[in-house]
Amino acid sequence: MTVETKKLNAIQAINQALAQAMEADPTILVLGEDVADREGGGVVGVTKGLSTRFGEDRVKSTPISEQAIIGAAIGAAIDGYKPVAEIMLMNFTTVCMDMIVNHAAKLRYMSGGQTTVPIVIRMMTGAGIASGGQHSDFLEAWFAHTPGLKVVAPSNPADAKGLMLSCIADPDPCIFIETSRAYGVTGDVPVDAIPIPLGKARIAREGSDVTLISYAEMVTRCLTAAAELDKEGISAEVIDLRTISPWDVEAVLASVRKTGRAVIVHEAVRTFGVGAEIAATLHEKLFRELKAPVGRLGAPFTPVPFAGNLEQAFLVQPGAIVEAARATLATH
Amino acid sequence: MTVETKKLNAIQAINQALAQAMEADPTILVLGEDVADREGGGVVGVTKGLSTRFGEDRVKSTPISEQAIIGAAIGAAIDGYKPVAEIMLMNFTTVCMDMIVNHAAKLRYMSGGQTTVPIVIRMMTGAGIASGGQHSDFLEAWFAHTPGLKVVAPSNPADAKGLMLSCIADPDPCIFIETSRAYGVTGDVPVDAIPIPLGKARIAREGSDVTLISYAEMVTRCLTAAAELDKEGISAEVIDLRTISPWDVEAVLASVRKTGRAVIVHEAVRTFGVGAEIAATLHEKLFRELKAPVGRLGAPFTPVPFAGNLEQAFLVQPGAIVEAARATLATH
Amino acid sequence: MTTASPEPNTNAAIPDAATQVDIYRRMSLISQNDEAARKTVKSGRLMMPYYSPKGQEVIPSAVSVNLNDDDRICTIYRGTHDMLAKGVPLRDLWAEMAGRVTGTCKGKGGPMHVTHPASGAILTTGIVGSSMPIANGLAWAAKLSGSKRVTIAYFGDAASNIGAFHESLNLASVWKLPVVFICQNNLFGEHTRFENATSVDQISKRAAGYSMPGVTVDGNDPFKMYAAAHAAINRARDGDGPTLIEAMTFRFYGHVFGDDDHYMTKEEKAAALAKDPLPIFRARLIADGVATDAQLTELDADIRAQIEDAIQFALSSEMPPIEELTRDVYAEAGAA
Amino acid sequence: MTTASPEPNTNAAIPDAATQVDIYRRMSLISQNDEAARKTVKSGRLMMPYYSPKGQEVIPSAVSVNLNDDDRICTIYRGTHDMLAKGVPLRDLWAEMAGRVTGTCKGKGGPMHVTHPASGAILTTGIVGSSMPIANGLAWAAKLSGSKRVTIAYFGDAASNIGAFHESLNLASVWKLPVVFICQNNLFGEHTRFENATSVDQISKRAAGYSMPGVTVDGNDPFKMYAAAHAAINRARDGDGPTLIEAMTFRFYGHVFGDDDHYMTKEEKAAALAKDPLPIFRARLIADGVATDAQLTELDADIRAQIEDAIQFALSSEMPPIEELTRDVYAEAGAA
Ligand SMILES: Cc1ncc(C[n+]2csc(CCOP(=O)(O)OP(=O)(O)O)c2C)c(N)n1
Ligand SMILES: Cc1ncc(C[n+]2csc(CCOP(=O)(O)OP(=O)(O)O)c2C)c(N)n1
Ligand SMILES: [Mg+2]
Ligand SMILES: [Mg+2]
């Protein structure tokens with residue numbers, strides 16, 4: 001089966017997912033700051049054209065009131081709609097954590113299944129574009145630690161589209177993380193609306209010596225590192241988790257069982273990050289099978305610095321991944 | 001050197017720490033909902049007597065405005081004061097995460113060391129007292145993942161006093177977690193103001209077969225489990241982390257190097273919890289020395305349920321700790 | 001009724017006789033239920049944090065007679081009065097308070113999270129202020145779907161100082177949502193006096209900052225409360241947007257069960273208690289010839305029996321099966 | 001000046017001649033600095049998100065001449081005007097914008113987090129609304145210490161819809177803090193028009209909800225702005241509590257550098273630009289005989305030279321050493 005594709009960047013891909021979903025299902029709504037066309041269809045254009053096409057009732061720009069945004073999404077979701085809310089940058093979730101964590105995530109449970117919150121909360125983030133300490137954080141570990149939420153972080157435009165379609169269709173609240181600095185990168189994106197299942201990882205590159213596990217833009221860096229490692233005769237398998245919570249334990253275990261070695265790479269601060277859960281699980285499940293300790297790469301334990309050189313040093317670079325992979329082969 | 005002690009519960013111990021610190025240093029302030037004596041000195045009385053003794057300028061009840069509370073603490077701290085702010089319950093940090101995470105935690109870094117935020121944020125939490133889904137969460141993993149914050153969780157009245165004294169004296173923002181259901185438990189508390197250093201763990205019980213690592217009220221459950229294990233001839237060492245971030249890697253490694261086995265126990269949801277970081281670190285640093293995979297106990301991946309039987313099932317019970325410890329001895 | 005609004009309510013609606021009795025019925029239900037709840041908690045038969053609404057029973061009673069079953073309410077931890085007035089069945093409520101599988105939420109939510117969609121009780125939150133942003137969303141859904149549903153957001157006086165209040169009133173006004181914000185001003189937030197936490201003497205005055213009608217009304221007077229609610233609900237239903245009602249009242253038994261009231265004077269408490277709205281309204285109904293003492297006595301007795309039945313039902317119900325612990329986290333059973 | 005407050009300012013203060021020139025100097029500094037910043041970003045010599053304050057230069061200039069060095073300001077991402085008016089040195093500011101070790105924050109904060117305590121510029125935040133709660137804390141410290149320091153919280157019109165605004169104004173009023181809330185109403189929040197996001201026609205009207213004086217003033221008129229600031233700052237300094245000032249203005253170059261202004265009409269933009277406050281005030285100073293053209297031309301040239309110097313300084317400064325990455329996270333060097 002061949003799938004017709006078109007070259008799009010992530011902005012266009014997500015836009016297409018939203019448009020196709022809204023076309024098919026009149027209960028899908030979009031809300032957030034500047035999301036309607038009168039305001040430019042989103043600060044980077046992810047929602048461009050939607051209000052013109054589907055009306056300003058369904059695509060609503062909001063005041064700068066993140067609690068009110070998520071509250072409106074939750075309430076509308078309880079009564080039959082499927083809102084896709086934008087919190088412009090991930091750091092701004094800090095002003096509406098109550099709505100996300102105490103309410104969206106818990107209402108199904110606390111109501112014994114009576115009220116459900118099928119919302120998507122989109123947000124962008126990431127270092128490397130000189131945005132400084134309050135606009136760049138990856139905070140996915142918080143949400144992954146929150147029962148009731150799903151956490152999704154696409155690494156490329158095709159996945160952005162397919163995963164967004166699944167998040168919209170999903171009966172539970174999904175956190176959808178877009179990496180700002182990767183917005184411009186294009187890729188082949190299916191023209192049709194083909195959802196990519198949540199909770200399932202993708203083998204981005206096959207390999208046999210070491211497994212690199214990642215998500216979001218860091219997958220690209222893993223692939224760069226894998227190409228580098230290849231030159232040294234090291235065959236790296238790259239797993240793109242796609243969904244951080246629930247993460248695809250089986251797929252990761254299968255790969256690491258095969259390679260015996262693993263390195264986890266994420267942009268967020270390493271300490272108490274998502275990588276810790278994955279490493280702990282791998283060690284637990286593959287205690288005698290692992291040939292080396294699981295490597296964990298993430299940012300140092302600091303806020304995101306502004307100065308360009310520090311910001312680049314803050315980010316995990318492909319070279320560090322290469323080294324960490326090598327280290328798993330060197331030990332033991 | 002004998003230290004004069006008195007039997008106090010944690011409420012009294014923290015109250016004493018605050019009073020002694022305020023007596024010694026006029027820059028120490030207390031603020032939060034209902035903290036002054038006119039309002040009863042705190043909902044459970046932790047701040048009782050302070051406003052009467054030190055004046056209503058230094059001990060201020062606030063409106064229900066958590067962002068304003070933490071903002072006021074931050075600003076006053078920048079200009080030379082040392083505020084101890086109460087966020088009544090840990091779940092309410094969700095309405096002021098911006099102030100805590102984007103500001104208190106980052107201002108030193110983003111200002112290049114010019115503005116500093118020596119505040120303490122006290123809060124209580126914990127399941128087991130029928131408070132339901134929005135009043136019981138342990139969210140320490142979020143704060144531990146936030147560079148710039150220190151996270152402290154005493155397990156007994158003496159530690160509550162000594163650690164509070166250190167948090168107040170500390171030049172950086174500290175999150176201080178009190179377990180509600182343990183407030184009534186008394187213990188011997190030094191009469192004088194003797195700080196207990198942050199970042200240092202305590203060996204709560206010596207042992208040689210397995211290390212139980214915990215903090216807050218779960219330490220008590222580990223001690224109960226250790227006594228149980230003792231009957232079976234299993235010698236468990238119990239480490240009370242006291243400080244979750246930065247945690248005492250050396251002390252934990254030393255113990256696990258000795259025992260070769262470890263179980264981490266916390267009240268928070270297990271998945272993506274603090275235990276993951278500790279387990280990942282142990283496996284990494286003691287790859288060939290561990291005799292069994294590190295055990296990790298925490299709550300199941302659910303919100304906190306109300307019904308008494310479910311709530312007890314949600315909480316890690318001593319029996320589960322015993323089993324997990326046994327399991328580390330059984331394997332391999 | 002003081003008006004701090006751009007659009008004063010001039011034509012005050014008056015409840016007809018049947019409606020007056022209906023308001024009384026709901027008040028009696030709330031008041032008797034509260035007495036039973038305090039007794040049950042005190043005796044240790046129920047273990048729950050209990051926030052008595054006694055003294056505030058007029059508000060939701062006079063509001064709810066203006067509502068349809070499918071109109072929504074979002075309430076708070078202090079919410080049994082709001083729920084009962086809106087029609088949450090006694091058995092389901094008691095079973096939830098007791099953490100039984102027969103409760104509204106299978107015992108998983110508890111008293112602070114009672115949810116009963118069939119009666120429109122969509123949300124009970126334990127977070128101060130958080131009823132409001134979600135009420136907006138329910139109102140938005142009603143507006144989008146073209147239904148005439150109205151949503152009520154209940155909250156306390158102290159909640160008017162938290163950010164969610166502000167964001168919610170602003171959004172509701174900008175989006176012209178069919179929502180009514182009803183502040184139950186019982187003069188205290190936990191142990192803090194209204195005037196020590198709130199920078200305005202009437203919360204209704206804040207409505208002007210959102211170009212929304214705002215009224216302060218005697219929330220213990222069924223007629224005044226009825227009229228204010230009637231106007232606001234009609235306004236919302238007619239598509240004219242939100243209203244802020246500040247209903248002045250008093251909580252008889254402190255913040256939470258066990259509270260010793262140390263933060264108020266004996267005199268002010270005694271004065272408030274002397275104005276118990278239930279006997280006053282009862283006497284008026286009789287004096288006005290709307291109902292006879294015998295009729296109301298029978299009605300009260302009926303309610304008492306229902307409450308007794310609900311307590312028996314709850315306490316003899318099963319705890320939720322242990323599998324419920326990991327159910328309802330997500331749509332499909334138990335992830336992770 | 002429209003007044004939506006309980007305490008209107010009647011005796012408007014007038015800046016003396018030297019103060020007028022001082023206001024002009026600050027305006028010229030801001031305006032020229034902005035031009036240089038836009039040029040430098042456009043040329044690619046600086047990589048930073050740049051939020052031009054051009055058009056808003058009157059506000060902090062007329063405010064700051066009423067302030068002492070140790071008075072505090074808390075500003076936002078759009079804050080170079082506020083900082084320069086308060087006295088943040090050009091070299092330090094440019095070096096920070098360039099991410100150099102010679103910057104105010106060693107290059108670690110960047111343009112959105114400039115901090116320069118010596119000039120009272122204590123906080124620059126990138127989070128909408130968050131200047132206000134922290135300004136309260138600084139004001140609280142001043143009050144506690146018995147100093148006469150005043151704190152200014154700057155923020156935008158759209159920020160008046162976020163929760164932190166509400167909580168801050170309420171607390172400041174209840175605690176009677178020496179703080180002045182100055183809303184720079186430039187009619188847009190990013191691409192959203194003021195009136196499409198804000199439910200009140202004048203933000204100053206919200207002050208009444210906090211029993212606080214609130215005034216709307218032409219923020220592009222140095223005299224009116226001076227008078228409003230003077231009154232509010234004196235009020236704060238005298239221990240009489242906070243004030244909300246809404247200063248009406250316009251941002252000439254959109255939200256952030258690169259913004260194409262698609263969301264406004266050419267006409268409204270042209271009309272605003274035609275009222276550039278700098279040449280208008282300049283002409284008035286000359287017409288009023290307060291300064292000669294030659295004097296102002298020299299002053300302008302001086303400033304231009306200082307800016308050139310600052311740019312050279314910044315761009316020839318070193319990047320921070322790599323050890324700075326993990327410094328200043330905690331008091332002692334690098335934990336974890
Ligand atoms: C965000 C938040 N902060 C604090 C609390 C703790 N708390 C629960 S009720 C309450 C008082 C609320 O007073 P009010 O809004 O007047 O309602 P009332 O209880 O009087 O009905 C407080 C402070 C909370 N639940 N949520
Ligand atoms: C809490 C939060 N939400 C959203 C943003 C993104 N954002 C940055 S500036 C801005 C507009 C603010 O407008 P206004 O307050 O009027 O200030 P102006 O930029 O016009 O000076 C927005 C939405 C943010 N920084 N913080
Ligand atoms: Mg109250
Ligand atoms: Mg603006």
Side-chain angles (χ1 to χ4, degrees), chain A residues 67 91-103 105-106 108-110 132-134 137 139 141-148 244-246 268-269 271-285 287-288 290 292-296 299-306 331-332, chain B residues 67 91-103 105-106 108-110 132-134 137 139 141-148 244-246 268-269 271-285 287-288 290 292-296 299-306 331-332:
Chain A
Q67 296 188 70
N91 276 95
F92 310 156
T93 59
T94 54
V95 295
C96 57
M97 285 299 278
D98 168 55
M99 282 292 131
I100 301 176
V101 167
N102 288 331
H103 293 90
K106 291 177 179 172
R108 178 189 290 275
Y109 191 84
M110 297 194 308
Q134 291 179 334
D137 286 331
L139 303 171
W142 295 0
F143 298 107
H145 188 50
T146 305
I244 299 166
S245 176
V269 157
T271 311
F272 295 105
V274 158
E277 176 69 28
I278 297 170
T281 304
L282 289 176
H283 277 294
E284 189 186 327
K285 304 275 190 199
F287 184 60
R288 291 284 179 224
L290 281 174
V294 175
R296 270 198 293 153
F301 202 60
T302 79
V304 181
F306 172 72
T331 7
H332 315 272
Chain B
Q67 296 189 69
N91 276 95
F92 310 157
T93 60
T94 54
V95 296
C96 57
M97 285 300 278
D98 168 54
M99 281 293 131
I100 301 175
V101 166
N102 289 330
H103 292 90
K106 291 178 179 172
R108 176 189 291 276
Y109 191 84
M110 297 194 308
Q134 291 179 333
D137 286 331
L139 303 170
W142 294 1
F143 298 108
H145 188 49
T146 304
I244 299 166
S245 177
V269 157
T271 311
F272 294 105
V274 158
E277 176 69 30
I278 297 170
T281 304
L282 290 177
H283 277 295
E284 190 186 327
K285 305 274 188 199
F287 185 60
R288 292 285 179 224
L290 281 174
V294 174
R296 270 198 293 152
F301 202 60
T302 79
V304 180
F306 172 72
T331 6
H332 315 272

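First the proteins, then the strands, lettered A, B, ... as listed; each starts at 1.
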With a 4.5 angstrom heavy-atom cut-off, which part of B:T146 approaches chain A: side chain, backbone, both or neither?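 Both backbone and side chain.
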Can you say whether B:V101 sits under 4.5 Å from chain A via the side chain, the backbone, both, or neither, judging by heavy atoms?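 Side chain only.
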For chain B, the option from [options] that forms the most heavy-atom pairs under 4.5 Å:
options                        : value
A:I100, A:T93, A:D137          : A:D137
A:V304, A:L290, A:L139         : A:L290
A:G148, A:A105, A:A279, A:A280 : A:A280
A:A141, A:A144, A:G133         : A:A144

Out of B:M110, B:Q67, B:K285, B:M99, which one racks up the most heavy-atom pairs below 4.5 Å with chain A?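 Of the options given, most contacts go to B:M110.
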Pairs of heavy atoms under 4.5 Å with chain A: top-ranked of B:I278, B:T302, B:V294: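 Counting heavy-atom pairs under 4.5 Å, the top option is B:T302.
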Please report the interatomic distance [atom1]([X]) to [atom2]([Y]), rounded to the nearest 0.5 Å.
X      : Y      : atom1 : atom2 : result
B:D98  : A:Q134 : CG    : CD    : 7.0 Å
B:F272 : B:W142 : CZ    : CH2   : 14.5 Å
A:F92  : A:M97  : CZ    : CE    : 15.0 Å
B:H145 : A:T271 : NE2   : OG1   : 8.5 Å

Which bit of A:T281 is near chain B, if near means a heavy-atom gap under 4.5 Å: side chain, backbone, both or neither?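 Contact with chain B: backbone and side chain both.
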Listed partners of B:S245 passing side chain to side chain donor-acceptor pair (under 3.5 Å), at least two apart: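 With neighbours one apart ignored, the set is empty.
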Going by side chain to side chain donor-acceptor pair (under 3.5 Å), name the residues that satisfy it together with A:T94, two or more places apart in sequence or in a different chain.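 By the side chain to side chain donor-acceptor pair (under 3.5 Å) rule, A:T94 matches B:N102.
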Ion pair check, A:R296 and B:E277, cut-off under 4.0 Å: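 Looking at B:E277 together with A:R296, the answer is yes, because their closest N to O distance falls below 4.0 Å.
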